[in-house]
Protein chains: 2
Amino acid sequence: MSASATASNARPGGRPRDGAIDHVVREAARRLLAERGYRALTFETLARETGVPRSMIYRRWPTKTHLANEIAVGGEASFADVIAGGGLEPQMAGLIRQIFARYQVASIAAASVGVIADTQGDRALQAELRGEAEAINRAALRGIVAAGQQAGTIRMDVDGDVLFDMIVGGIVYRTLFSLQPAPSEYVADYTRRIVASIAAPAPPVLSPRQDD
Amino acid sequence: MSASATASNARPGGRPRDGAIDHVVREAARRLLAERGYRALTFETLARETGVPRSMIYRRWPTKTHLANEIAVGGEASFADVIAGGGLEPQMAGLIRQIFARYQVASIAAASVGVIADTQGDRALQAELRGEAEAINRAALRGIVAAGQQAGTIRMDVDGDVLFDMIVGGIVYRTLFSLQPAPSEYVADYTRRIVASIAAPAPPVLSPRQDD
DNA sequence: AGGAATACGGTACACTGTGTAGCGTTACTT
DNA sequence: AAGTAACGCTACACAGTGTACCGTATTCCT
C-alpha cells in the first residue's frame, strides 16, 4: 500500500519492476517475523536468505520499519466489511473474531509491535505508517456504535474510541504476550464481555423484544 | 530487580558499587525512552549523555533489553495492594486507575513494547525477563475475581485471565498508540465498561428474563 | 532504430551500535 | 598487608544501516 506502489505510478519508459522480488522478500520477511521475531528481521538477513541484493530491498522499502509496517497493515480490509446485518451480538462477534484472526497471525503480531517500538517518538513516521489503516477501522467502529445507539441496542454513553482500544488492545496484548492462539472459548468469553459492556439495559417490561 | 542486585549479594571484600551510577543511567534511560522512544535507547547514547563509560553500563545490564525490562517492570508492586475493601465498583476503579497510572508513564510504556519486540522468538529470554511481574498481577486479579464471585458481585462466568488481557491490553494499547495521557473521563468510561462487563446481573425483581 | 527512462545486480563506504576483553587504578574488608 | 571487586578507560571484531555509484538489461516513446 505505502511502498512498492509499482503499477500505479508507472511512467512511460523504463524497465518494469520485477514483482517476483517483492513477493520473495515479503515472504521471507513474514517467515523471519513468525519464526524469530522482529529483532531477527534485518535487510542483511533477508538479502542473505533470498539471494536478492540488499540494494534492491532498499529500493522498495526505505527502512525495515516500512517493510514491517506493510506486513502489519497490508491488505487490511476495514473491519466494517464483515459487519453487515444482524443484531448487536453477531455483529460484535464477527468483528472480534475478525480482529482475533488477524492478530493471531504471528508475523502480523510481531510486525505490529516492532513498528510501534520503532516509531515511538517520531510522530511524522507514526503518522506516515500507521495513520490510515487504523483510522479506517476506528471510524468503522464509531459508525457501528452510532448506528447501534440509534437503534437502541447500544448504550448512549458508549464511546467508540474507548471501545476500540478495549477490543483491539485486549486482543493484541494477549496475542503478543502469549504468542499462542486463543482457544475458541476465550474468544467467546471475550465477545460476551464486550457485548455486556455496551449493550443497552434490558428494556422495561412495556417494550417486548422484537428481534429474536 | 533482575540486574544490578548490588546490595543483596555484596560479598566481604572489594570496592563497593557506586549506586549513583545505577541511578544516573536509569534516569537517562527513562528520559530517552520517554522523549525519543525505545529505538533511541542505546548504551552508546547513554554513555555519551551521562559520561558513564559504556563498559560500566554493560557491567550492570548485559543488554539494553535487560535495562529496559527493569524499567518496564521495576518496582512494580502487585496491583493487589491497592484493592483492599470496598465494593466491586471502587475496587475495579482502583485497579484500573492503578494500571492506567503505571502505563501512562511514557518510559514504562515505551520500555514495555521494546522488551516485547526484542524477546519475540526467544522463549528463554522472555521467561527470564517477564515472568514474575505479570504472573503476580495476573494471579492478583484472579483472586479478586474469585472473591467477587463468592460474594456474588461478579458473574460466575468471568475468567480472570480474559479480564486481565482486556483491562491491561486496552490500556497499554491506548498508551502506546496515542502516547498521550488519557483524560479522566476516558478512565471513568473505561472503568464503567469493565464493571458492566463483569457485574453480576441485578437481582431479578422486575426482569422477566433470567440469565442462564 | 534510436533515445530516454528505469529497474537489475553488484560493490564500496561511512557510520552507528553491540558485546567482549583487557588494562592499570581505586576503595573497601579482613 | 593481602585480597577482592568496582572504577575508568581503550581497543577490537562484528553486524547492520543507509547512501552512492557503477555497468547492464529491459521497456516505452518518437
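Just so you know, these numbers use all the heavy atoms, side chains as well, and skip hydrogens, waters and symmetry mates. Letters A, B, ... are given to chains in the order of the sequence lines, protein chains preceding strands, and every chain is numbered from 1.
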J.: If you only use heavy atoms from C-beta on, which nucleotide in C:dA27, C:dA7, D:dG16 is closest to the side chain of A:R15?
T.: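 Selected nucleotide: C:dA7.
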
J.: Counting heavy atoms from C-beta on, name the nucleotide in D:dC9, C:dG9, C:dG19 closest to the side chain of B:R59.
T.: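 Closest nucleotide to the B:R59 side chain: D:dC9.
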
J.: So, do A:D118 and A:Y38 sit near enough that their side-chain heavy atoms are less than 4.5 Å apart?
T.: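 A side-chain contact under 4.5 Å exists here.
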
J.: Is A:R155 atom CZ crowded by more than 12 heavy atoms from other residues, nucleotides or ligands, each under 6.0 Å away?
T.: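 Check passes, neighbour count above 12.
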
J.: Please state how far atom CZ in A:R48 lies from atom C1' in D:dG16, giving the value in whole angstrom units.
T.: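 From A:R48 CZ to D:dG16 C1': 10 Å.
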
J.: Is A:S112 reaching over with its side chain to a backbone N or O of A:A72, donor-acceptor style, under 3.5 angstrom?
T.: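 Judged by distance alone, no pair lies under 3.5 Å.
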
J.: Which nucleotide, D:dA25, C:dT18, D:dG16, lies nearest any side-chain atom of B:T42?
T.: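 Nearest to the side chain of B:T42 among the choices is C:dT18.
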
J.: From OH of A:Y38 over to P of D:dG16, roughly how many Å is that when rounded to an integer?
T.: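 Taking atom P of D:dG16 as the reference, OH of A:Y38 is at 14 Å.
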
J.: Counting only side-chain heavy atoms from C-beta out, which of C:dG10, D:dT17, C:dC8 sits nearest to A:R60?
T.: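 Within the option list, the nearest is C:dC8.
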
J.: Measure the distance from CD1 on B:I57 to P on C:dT18 and round it to the nearest whole Å.
T.: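 Between P of C:dT18 and CD1 of B:I57: 10 Å.
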
J.: For B:I21 and C:dA27, give me the distance from atom CD1 to atom C1', rounded to whole Å.
T.: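 My rounded result for the distance is 13 Å.
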
J.: Counting side-chain heavy atoms from CB outward, which of D:dT17, C:dG17, C:dG10 is closest to A:F43?
T.: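 Shortest atom-to-atom distance from the side chain points to D:dT17.
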
J.: Does A:G114 offer a backbone N or O that forms a donor-acceptor pair with the side chain of B:Q120 under 3.5 Å?
T.: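 A pair under 3.5 Å: no.
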
J.: Tell me: CZ of B:R54 to P of D:dC7, nearest whole Å?
T.: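 Rounded to whole Å, this separation is 16 Å.
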
J.: In whole angstroms, how far is the C1' atom of D:dA25 from the CE atom of A:M56?
T.: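 These atoms are roughly 12 Å apart.
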
J.: Between B:K64 (NZ) and C:dG17 (P), how many Å, whole number?
T.: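 Answer to the nearest Å: 10 Å.
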
J.: Between B:L46 (CG) and C:dG19 (P), how many Å, whole number?
T.: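 The distance from CG of B:L46 to P of C:dG19 comes to 13 Å, rounded to the nearest Å.
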
J.: Is B:S55 touching bases, backbone alone, or none of the nucleic acid, heavy atoms closer than 4.0 Å?
T.: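 Counting heavy atoms under 4.0 Å across all strands, the contact made by B:S55 includes a base.
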
J.: Looking at A:T119 and A:D122, would you say the former's side chain and the latter's main chain have a donor-acceptor pair under 3.5 Å?
T.: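 A pair under 3.5 Å: no.
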
